[in-house]
S.K.: 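Okay, handing you the structure first.
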Amino acid sequence: MEIGMEGFYGDSMPSKKFNPGHQVGTDFINNHLIKEIDFATIHAYTDQWLSGQNDDAQMAFMQRWITSHWDDSSRVLKKPLVLAEFGKSSKDPGYDLSARDTFMNSVHINVYSYAIYGETMGGSLVWQQGMENFDDPSTAGIISGQSHAMTTLAHLLNNDPLGRKAFP
């Protein structure tokens, strides 16, 4: 079972309240410490949360967001983490397919980089591939490539002589 939260930090970690303009009533740490919650999830809508900021600033935030939550999932929660929703909407001002693909590829590289350590990073799910054109071949190729890479990694880690395990 999972919660489906954005991952905003609350009062349990006031030093990590780098929530993107939101000071809402959720708490990533406290809510995921509930024993019935099997894995942690985060969402990231950098194009909405950091509207008006350039792609580099949005990617820098995304890297910090993933890293912080991966670290807390591993050290504090001791539960797997899934980046359950991310993407870039084609309805946003300044939308560019190439920039979206670059962003998605960078996010997937980050997710894979943490997954290779085994156990904590469970993967990622694209929420916004676009809003009108869902059959874009460039983006579909990025998603397919990540799926293949994560599947291959899971097989490697499940047979790892160091004892690391990937989530099924």
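Only a predicted model underlies this, so the values are computations on that prediction, with no experimental measurement involved.
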S.K.: Take Asp27 and Met5 through the side-chain contact (heavy atoms from CB on, under 4.5 Å) test and state the conclusion after the steps.
M.R.: CA-CA 9 Å; Asp27 189 320; Met5 298 172 55; 5.8 Å; no
S.K.: For residues Trp70 and Thr120, determine if any side-chain heavy atom of one lies less than 4.5 Å from a side-chain heavy atom of the other.
M.R.: yes
S.K.: So, does Thr41 use its side chain to make a donor-acceptor pair with the main chain of Gly4 at under 3.5 Å?
M.R.: yes
S.K.: Determine, using the 4.5 Å side-chain heavy-atom cutoff (strictly less than), whether Val107 and Ile116 are members of one ILVMFWY cluster.
M.R.: yes
S.K.: Run the salt-bridge test on Lys88 and Asp96 with the 4.0 Å N-O cut-off and return the result as yes or no.
M.R.: no
S.K.: With hydrophobic residues grouped by side-chain heavy-atom distances under 4.5 Å, do Ile66 and Val76 end up in a single group?
M.R.: yes
S.K.: Measuring only between side-chain heavy atoms, which start at C-beta, is Ile3 closer than 4.5 Å to Ile37?
M.R.: yes
S.K.: Please state whether the rings of His69 and Phe28 are parallel, tilted or perpendicular, taking 30° and 60° as the class boundaries.
M.R.: perpendicular
S.K.: Rounded to the nearest 0.5 Å, how far apart are CH2 of Trp65 and CH2 of Trp49?
M.R.: 4.5 Å
S.K.: Do Asp47 and Gln58 have side chains that approach each other closer than 4.5 Å (heavy atoms only, starting at C-beta)?
M.R.: yes
S.K.: For Val111 and Gln146, run side-chain contact (heavy atoms from CB on, under 4.5 Å): C-alpha distance rounded to whole Å, both residues' side-chain angles, the deciding distance at 0.1 Å, then the answer.
M.R.: CA-CA 9 Å; Val111 167; Gln146 178 71 356; 3.9 Å; yes
S.K.: Is the shortest side-chain heavy-atom distance between Val126 and Met104 below 4.5 Å?
M.R.: yes
S.K.: Side chains of Tyr112 and Met121: does their closest heavy-atom pair fall under 4.5 Å?
M.R.: no
S.K.: Tell me, with the steps shown, if Asp55 and Thr102 meet side-chain contact (heavy atoms from CB on, under 4.5 Å).
M.R.: CA-CA 9 Å; Asp55 290 332; Thr102 298; over 6 Å; no
S.K.: How close do Pro80 and Asp38 get, counting heavy atoms only, and between which atoms?
M.R.: CD-O, 3.6 Å
S.K.: Look at the side-chain heavy atoms of Ile, Leu, Val, Met, Phe, Trp and Tyr, link any pair under 4.5 Å apart, and say whether Leu81 and Leu153 land in one connected group.
M.R.: yes
S.K.: Using the six-membered ring wherever Trp is involved, compare the ring planes of Phe18 and Tyr9 and label them parallel, tilted or perpendicular (cut-offs 30° and 60°).
M.R.: tilted
S.K.: Show the nearest heavy-atom pair for residues Ser106 and Met59, with the distance to one decimal.
M.R.: CB-SD, 3.6 Å
S.K.: Nearest 0.5 Å, what's the CD1-CD1 distance between Ile142 and Ile109?
M.R.: 9.5 Å
S.K.: Over 60° means perpendicular and under 30° means parallel, so tell me whether His108 and Phe86 are parallel, tilted or perpendicular.
M.R.: perpendicular
S.K.: To the nearest 0.5 angstrom, please state how far the CD atom of Gln48 sits from the OG atom of Ser89.
M.R.: 6.5 Å
S.K.: Please report the C-alpha distance between Leu33 and Leu77 in whole Å, then the side-chain angles of each, then the deciding distance to 0.1 Å, and finally whether the side-chain contact (heavy atoms from CB on, under 4.5 Å) criterion is met.
M.R.: CA-CA 6 Å; Leu33 283 173; Leu77 303 174; 3.6 Å; yes
S.K.: Establish, for the pair Lys79 and Phe39, whether the NZ or CZ atom is under 6.0 angstrom from the six-membered ring centre and no further than 45 degrees off its axis.
M.R.: no
S.K.: Do Thr67 and Tyr114 have a side chain donor and acceptor closer than 3.5 Å?
M.R.: yes
S.K.: Look up atom CZ in Phe61 and atom CG in Leu50, then write down how far apart they are to the nearest 0.5 Å.
M.R.: 5.5 Å
S.K.: Where is the tightest heavy-atom contact between Ala40 and His32, given as atom of each residue plus distance?
M.R.: CA-CD2, 3.3 Å
S.K.: More than 12 non-hydrogen atoms from neighbouring residues, nucleotides or ligands closer than 6.0 Å to CG on Asp11, yes or no?
M.R.: no
S.K.: I need the Leu125 CG to His43 NE2 distance, nearest 0.5 Å.
M.R.: 9.0 Å
S.K.: To the nearest 0.5 Å, what is the distance between CG (Asp72) and CD1 (Ile42)?
M.R.: 10.0 Å
